[in-house]
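Notes follow once the structure below has been shown.
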Amino acid sequence: MKLFKSLVANTSSQLILRIISSATGFFITLLVARHFGLAGYSDLAKITAFVGLFYLGIDLGANAVFLQLEKSNHNFHNLLFFRLLFALVLFCVMCVVVFVLPYDQTTTTGYSLVVKLGILFFSLTFFTKAIIYSTSAVFQQNLVYKNAAKAGILGSLITLGVVGVTVALNMPLLWIIGAYVAGSVFESAASVYLVRYKFSFSLPSFTFVKNLFFLTLPITILLFLNLLYFRVDMILLTFFQKSSAVGIYDYAYKYYDFLIALPLFLSNSLYPHLLQQEKNFRIQRKNISLYTLLFFCLGVVLVPFVWFGAPLIALVKTEFSASVVPLRLLTLSLPIFFATNILQWIFITKKKQTILVGVYAVSLVLNIVLNIILIPTYSYVASAVITGFSELLILLIMIILLFTL
């Protein structure tokens, strides 16, 4: 009963945050779409997708390892400043990378000057993300997701407010990026306040950094492959299709991204208990089957609602009516994504992250090859179908490995 109450309370906190952040995100999408049109929205999609790839360099999957350590303020200090150093390195790298990105003005493929400047500006969130990711580890360790929800909600509302002012004053697109940066700054500040930790600005322990780096390396590689796996289609669409195709697919993916985040909330709440189960006795196969079936069924329940409700997303603006097709195609893979989510955490609990690296590497290569072959002809429709097919392959391999190793 205690486990159930904890799962409900912490999953609810994450769900409330997701609902509010998604609601504010919807209004931001509405404002940007109406004010800047499909062309402006497409540029915004390119900026956020590209910078989002680099967030992994700050995440590093370090929270999963941090939770396996004994509670210590010193450990948190090392984790935070370790991430801040990584953020600085990534920002310097971005300053160089952004200027070599290609652009074809005739076909609108690639990254225009406005998009490049937006990428550089948006990269400032590397530092705020370092703080947010680190404090979320403490919230998860203490099972107080309500604090993370409070900070996240504040950040979302600030972002929405600044976007509203930007549109009202008829400011250029880069001000929208400024709104995201402002929201992230407020969220990180609130997170620091709620974690109740007194900071001393000093370099992290070399021993801690070295141990954390090698312990998280398999998870980092896994997350990198996972992130590429999710976002490589957007990057390839940018190079092979017009900007409008990028906007159409990204708009559909915004809704899909909200849905596939739902099992993550439940998994985050369940992970500390999975660790305890594995510590006391190895997680039984029947429990693995039960978790997988539960998550899969939750995904199945959502499919008909999203499928039939998909046309409603075109109410934002008729230019986005084409997004209904990719959303419906992506929706069919929801049960598969729900199941692989919990299985991934079970692998991590059993400290078999290196196996997952191989699984996602194979799927990523297949994903990239298929997208390169099919995107030039079938555009975002190919990307949506390939996403589901690749995840099905991952699910089958995970099941085989868990029940044979």
Side-chain angles (χ1 to χ4, degrees), residues 11-12 14-46 48-49 52 152-153 156-157 159-161 163-164 167 176 179-180 183 230-231 233-234 237 241-266 295-338 341 378-388 391:
T11 302
S12 298
Q14 295 173 82
L15 185 58
I16 291 171
L17 169 60
R18 189 65 179 187
I19 290 173
I20 294 178
S21 63
S22 293
T24 56
F26 172 78
F27 286 116
I28 290 172
T29 298
L30 176 63
L31 291 170
V32 172
R34 288 188 177 278
H35 187 70
F36 295 99
L38 182 56
Y41 183 86
S42 299
D43 284 344
L44 182 63
K46 290 180 182 181
T48 54
I153 290 170
S156 296
L157 294 177
T159 303
L160 177 59
V163 167
V167 171
I176 301 296
Y180 283 108
F230 275 107
R231 293 281 77 181
D233 46 8
M234 277 287 296
L237 277 170
Q241 291 288 330
K242 294 181 179 180
S243 289
S244 57
V246 177
I248 288 169
Y249 186 65
D250 183 78
Y251 183 68
Y253 211 96
K254 281 287 193 298
Y255 293 89
Y256 182 66
D257 191 47
F258 167 74
L259 295 170
I260 61 176
L262 295 178
L264 179 61
F265 303 151
L266 187 57
F295 276 66
F296 184 87
C297 290
L298 288 174
V300 170
V301 170
L302 290 175
V303 171
F305 291 99
V306 182
W307 180 276
F308 292 108
L312 296 176
I313 68 173
L315 295 177
V316 173
K317 201 169 187 179
T318 55
E319 285 182 294
F320 294 96
S321 58
S323 298
V324 173
V325 172
L327 176 58
R328 280 179 165 172
L329 292 174
L330 289 167
T331 298
L332 295 176
S333 62
L334 276 178
I336 302 171
F337 271 98
F338 273 52
N341 182 276
Y378 300 102
S379 190
Y380 49 77
V381 171
S383 297
V385 173
I386 292 168
T387 296
E391 194 68 14

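By convention here, the first residue in the shown sequence is residue 1.
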### Task
Over all heavy atoms of both residues, which pair between Gly247 and Tyr41 is shortest? Give the atoms and the distance, please.
O-CE2, 3.5 Å
### Task
Measure the spacing between OG of Ser379 and CG of Leu237 and express it to the nearest 0.5 Å.
5.5 Å
### Query
At their closest point, which heavy atom of Ser321 faces which heavy atom of Ala314, and how far apart are they?
CA-CB, 3.7 Å
### Query
Would one find more than 12 heavy atoms of other residues, nucleotides or ligands at under 6.0 Å from atom CZ of Phe27?
no
### Task
For Val246 and Met234, run side-chain contact (heavy atoms from CB on, under 4.5 Å): C-alpha distance rounded to whole Å, both residues' side-chain angles, the deciding distance at 0.1 Å, then the answer.
CA-CA 7 Å; Val246 177; Met234 277 287 296; 3.5 Å; yes
### Query
Do Val381 and Val325 have side-chain heavy atoms sitting under 4.5 Å apart?
yes
### Message
On a heavy-atom basis, which atom in Thr387 and which in Tyr249 lie closest, and how many Å separate them?
### Response
OG1-OH, 3.7 Å
### Task
Kindly compute the distance separating OG (Ser244) from CD (Glu319), expressed to the nearest 0.5 Å.
9.5 Å
### Query
Quick one: CZ on Phe296 to CG on Leu334, what's the gap to the nearest 0.5 Å?
10.5 Å
### Query
Any side-chain heavy atom of Ile176 sitting closer than 4.5 Å to one from Phe36?
yes
### Query
Any side-chain heavy-atom pair from Phe337 and Tyr256 closer than 4.5 angstrom?
yes
### Message
Please find the pair of heavy atoms, one from Thr24 and one from Ser156, that lie closest to each other, and give the distance.
### Response
OG1-CB, 3.4 Å
### Task
Examine Phe320 together with Tyr251 and report whether their ring centres are nearer than 6.0 Å.
yes
### Task
Taking Ser333 for its side chain and Gly388 for its backbone only, find out whether a donor-acceptor pair lies under 3.5 Å.
no
### Task
Flag the pair Glu391 / Pro335 as yes when at least one side-chain heavy-atom distance between them is below 4.5 Å, and no otherwise.
no
### Task
Test Tyr255 against Val306 for side-chain contact (heavy atoms from CB on, under 4.5 Å), laying out the working first.
CA-CA 9 Å; Tyr255 293 89; Val306 182; over 6 Å; no
## Note on the structure
Closest non-hydrogen contact found for Ala384 with Pro326 is CB-O, 3.9 Å
### Test item: Phe338 and Leu302 side chains (from C-beta on) under 4.5 Å apart, heavy atoms
yes
### Task
May I ask you to check whether Asp233 and Tyr253 show a side-chain donor-acceptor distance below 3.5 Å?
no
### Message
So, using side-chain contact (heavy atoms from CB on, under 4.5 Å) as the criterion, who are the partners of Thr159 when residues are at least two apart?
### Response
Ile28, Val163, Ala179, Tyr180
### Summary
Taken to the nearest 0.5 Å, the spacing of Thr318 OG1 from Leu38 CG works out to 10.0 Å
### Query
When you measure from the side chain of Ser323 to the backbone N and O of Ile248, does any donor-acceptor pair fall under 3.5 Å?
yes
### Query
Between CG of Leu329 and CD1 of Ile386, what distance do you get to the nearest 0.5 Å?
11.5 Å
### Query
For the atom pair CG (Leu259) and OG1 (Thr331), what is the distance rounded to the nearest 0.5 Å?
6.5 Å
